[in-house]
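Structure first, then comments.
In what follows, every chain begins at residue 1, and chains take the letters A, B, ... in the order their sequences are listed.
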There are 2 protein chains.
Amino acid sequence: MTLSDVANRAGVSVATASKALNGRAEVAPATRERVLRAAAELCFQPNVLASGLISGRTRTVGLLTDELGGRFSIPILLGAENALGNGQMSVLLCDARGDAIRRQHYIRTLLARQVDGFIVVGDSNDVSPSLTRDIPVPVVYAYAESADPRDLSIVADDEGGARLAAEYLVLHGRRRIGHITGPESYRAARDRAAGLRAVLAEAGLLPAGDPLFGEWSQRWGRHAARLLVAACPDIDAIFCGNDQVAAGVADALRDLGRRIPDDVAIVGYDNWEDFAADCRPPLTTVDLNLEQLGATAGNHLLAALDGNANSGVIRQHGRLVIRESTGPALPR
Amino acid sequence: MTLSDVANRAGVSVATASKALNGRAEVAPATRERVLRAAAELCFQPNVLASGLISGRTRTVGLLTDELGGRFSIPILLGAENALGNGQMSVLLCDARGDAIRRQHYIRTLLARQVDGFIVVGDSNDVSPSLTRDIPVPVVYAYAESADPRDLSIVADDEGGARLAAEYLVLHGRRRIGHITGPESYRAARDRAAGLRAVLAEAGLLPAGDPLFGEWSQRWGRHAARLLVAACPDIDAIFCGNDQVAAGVADALRDLGRRIPDDVAIVGYDNWEDFAADCRPPLTTVDLNLEQLGATAGNHLLAALDGNANSGVIRQHGRLVIRESTGPALPR
DNA sequence: GTGTCGTACGAAAACGGTTTCGGCAAGATG
DNA sequence: CATCTTGCCGAAACCGTTTTCGTACGACAC
């Protein structure tokens, strides 16, 4: 299955066979045809590694993630893999499990394997230190932001997503809107709260109490919903920091006898289908468009490999997925 | 950054440098030390590709999955990546998205990249046709079973897992045990039902009605729980086909005024933390040990690469994770 | 018929490694 | 002291491919 075999079968030299297969000019059409046919018959594989290696391109990129187990990495990874696959690239996957030592190890391994570039999928929360200084190939940061503005980072537009949700609630006549979300230590939680606050201010509405920061769980959602209803009995909408919280909120509100969406509208975040679509009632929620984010990262990496590198921060817009938990507009 | 540079700096020949770096025997410790130091100083990368290529090993395996988006692939992938990483292997990831054409394309691509072997992560449901005949490298099937018994398949032991759950319920004094699960078209659903049936028969108990096959959703869980309670008012335990169903069942039972676990115990399946641990009450459930399954697959692939190929079907045992939904043993 | 040119092809070198094999020195044995 | 063994090293061959460069050959102009 080597090039010599093909050359033999086609009755030409290895040099000619190489040129024919690589589409170089100085080969007669008939000869090229014979070589291609021979290669096809022998199922010859151009042996990407040796050829690619020597001439500098492996058509492989390293994808470095920190928490593949979480549900955010996967859609990003899928989007990136898809985009890169269209560019004939393959993806070497490494999960550093949040451990800096493991990450360094993987970076070295991937570099030793001569990857053409990196996509670093991070934790949206922290600005991750730039890896670029040590890396001789292009890097695109996805979901997390690099500390170095010369790098290119693609992140989710949490504030914009929250604005979508809040504007929808306001537009549908909700006036007393509360916010229950995850830990304040999460940038996503703060940004989403900021988006809501901005929309309420623009609409001349007062928020129903301060945002309730807690954790990303149903349990917290249930607990906080009770607190919020007790503090603001006239509440008519709750914007939740994610779908788990929203599911807990919906659960507690039902226990309290509030009808959803008639008395209180609920909006979640993440569009985590298993929670959002199967909730009682199904949740209106913000989809992060993570797959698109991954695809964007992949395409920018391809561009960088072609020499058109970008830098800065790109915010991937989310979109509002409307289900029953917000209902029709309130009569007013 | 080539081997010659290292050899030069260390004052030895390329041959010696090669041997030193590869840990071969015929090199004096002092010489090896000098070479290693020179390599480190020059940041020499052993260039896995070229070296591996020529001597036939790329130290890369292809991981082919059908539905990375689902929640089963990921733990398997993590386990496999971990096991392979310990063997200095890297993982090229491809998601065929359930499309046969895409899968063939990926197989060709990976073969062209000279992967040393494959792990095929399938849908546990169907026996997937063997790929081995077309593939000149070892293949291990994970989660799905290959149609060809000469292949090696690692699958989850659904019947055994169900037995764990059922035996626990029986041991704790439950006597009227019902079963609500997913579509009968799923092998997993049938096997789990069979495991329960076997245990009940051995204990001399009658099942509380036929298994209710439906879908893998909370909605179905809620609906089926109402049916089951209406049909068997004296029911004291429900074994659910997965955690989503179990969460729905718990929800409906609370609405019906049944206490969990006092009146009715619930056991789920999958140990999907987000559902199981955050349920009211937290769910006792069967963990599939998928990460272990992936690790087993990885290790068997490593063994196959060393010439010790196995074949047949290996069933990965699950384990029971005990939370509050089963409570203490009933007084009897 | 002769000279010029362009094209198509192949021999050979290069690439960055590994592996084989022969030689050399030092120590062991007789 | 002679011989043998052993350990260590490097020259050279090798791998599959690309690339350079030389050459054979046909076409065409004169």
Side-chain angles (χ1 to χ4, degrees), chain A residues 1-60 88 108-109 111-116 136, chain B residues 1-40 42-60 88 90 111-116 136-137 305:
Chain A
M1 20 115 152
T2 85
L3 187 59
S4 326
D5 300 332
V6 176
N8 256 327
R9 187 176 183 97
V12 299
S13 72
V14 281
T16 305
S18 169
K19 287 178 246 186
L21 290 174
N22 291 352
R24 299 184 65 87
E26 358 152 68
V27 174
T31 310
R32 182 186 309 276
E33 170 63 25
R34 250 187 313 145
V35 173
L36 288 178
R37 191 142 30 84
E41 285 165 11
L42 294 177
C43 296
F44 171 71
Q45 279 142 7
N47 207 336
V48 181
L49 295 188
S51 56
L53 164 70
I54 308 293
S55 63
R57 281 291 157 84
T58 56
R59 308 200 76 75
T60 306
Q88 306 284 323
R108 268 201 302 276
T109 303
L111 283 176
R113 286 174 175 276
Q114 314 261 97
V115 292
D116 292 339
Chain B
M1 21 118 154
T2 85
L3 186 60
S4 325
D5 300 334
V6 176
N8 256 328
R9 187 178 184 95
V12 299
S13 71
V14 281
T16 306
S18 168
K19 287 178 245 186
L21 290 174
N22 291 350
R24 300 183 64 88
E26 359 150 69
V27 173
T31 310
R32 182 187 309 277
E33 170 62 25
R34 248 187 314 144
V35 172
L36 288 178
R37 191 143 30 82
L42 294 176
C43 295
F44 172 72
Q45 277 140 9
N47 209 338
V48 181
L49 295 189
S51 54
L53 162 71
I54 308 297
S55 62
R57 284 293 156 84
T58 56
R59 310 201 76 76
T60 306
Q88 306 282 323
S90 293
L111 284 176
R113 285 172 176 280
Q114 313 264 96
V115 292
D116 291 340
V137 293
L305 292 177

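Using a 4.0 Å heavy-atom criterion, one finds that Thr16(B) contacts the bases of the nucleic acid, with or without backbone contacts as well. Among the atoms of the strands shown, base atoms are found under 4.0 Å from some heavy atom of Ser18(B).
Identified under the side-chain hydrogen bond (donor to acceptor under 3.5 Å, both in side chains) test for residues 24-41 of chain A, with sequence neighbours left out: Arg9(A)-Glu41(A).
In this structure, Ser4(A) and Arg34(B) both approach DNA chain D, and ranking their closest nucleotides by distance from the 5' end singles out Arg34(B).
Ser90(B) approaches Thr109(A) most closely through the heavy-atom pair OG-CG2, 4.0 Å. Minimum heavy-atom separation, Leu21(B) to Ala39(B): CD2-CB, 3.9 Å. Closest approach of Ala38(B) and Val6(B) over heavy atoms only: CB-O, 3.9 Å.
Of all the residues in residues 6-15 of chain B, Gly11(B), Val12(B), Ser13(B), Ala15(B) reach under 4.0 Å from DNA chain D with at least one non-hydrogen atom.
Set against dT20(C), dC8(D), dC21(D), the side chain of Lys19(B) has dT20(C) as its closest nucleotide. Which of dT17(D), dC9(D), dA8(C) sits closest to the side chain of Leu3(A) comes down to dT17(D). Here the side chain of Thr2(A) is nearest to one of dT18(C), dG16(D), dT19(D), namely dG16(D).
Atom pair Leu21(B):CG and dG16(C):P shows a separation of 16 Å (rounding to whole Å applied). Leu42(B) places its CG atom 15 Å from the C1' atom of dG16(C), with the value rounded to the nearest Å. Between the CD atom of Glu33(A) and the P atom of dC9(C) there is a distance of 13 Å, given to the nearest Å. Taking atom CG on Asp5(A) and atom P on dT17(D), their separation rounds to 9 Å, with Å as the unit. Rounded to whole angstrom, the span from the CZ atom of Arg24(A) across to the P atom of dC9(C) amounts to 15 Å. Atom pair Glu26(B):CD and dA11(D):P shows a separation of 15 Å (rounding to whole Å applied). In this structure, Asn22(B) places its CG atom 7 Å from P of dT19(C), rounding to the nearest Å.
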Inset, instruction - Tell me, with the steps shown, if Asp116(B) and Val137(B) meet side chain to side chain contact (heavy atoms under 4.5 Å, CB included). - result: CA-CA 6 Å; Asp116(B) 291 340; Val137(B) 293; 5.8 Å; no

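Remark: Asn8(A) pairs with no residue by the side chain to side chain contact (heavy atoms under 4.5 Å, CB included) rule, at least two apart or across chains.
Within the helix from dG1(C)-dC30(D) to dG30(C)-dC1(D), the inter-axis angle between the opening and closing five-pair segments is 50°, rounded to 10°.
When each of Val14(A), Thr16(A), Asn22(A) is checked for a side-chain contact (heavy atoms from CB on, under 4.5 Å) with Ser18(A), only Asn22(A) meets the rule.
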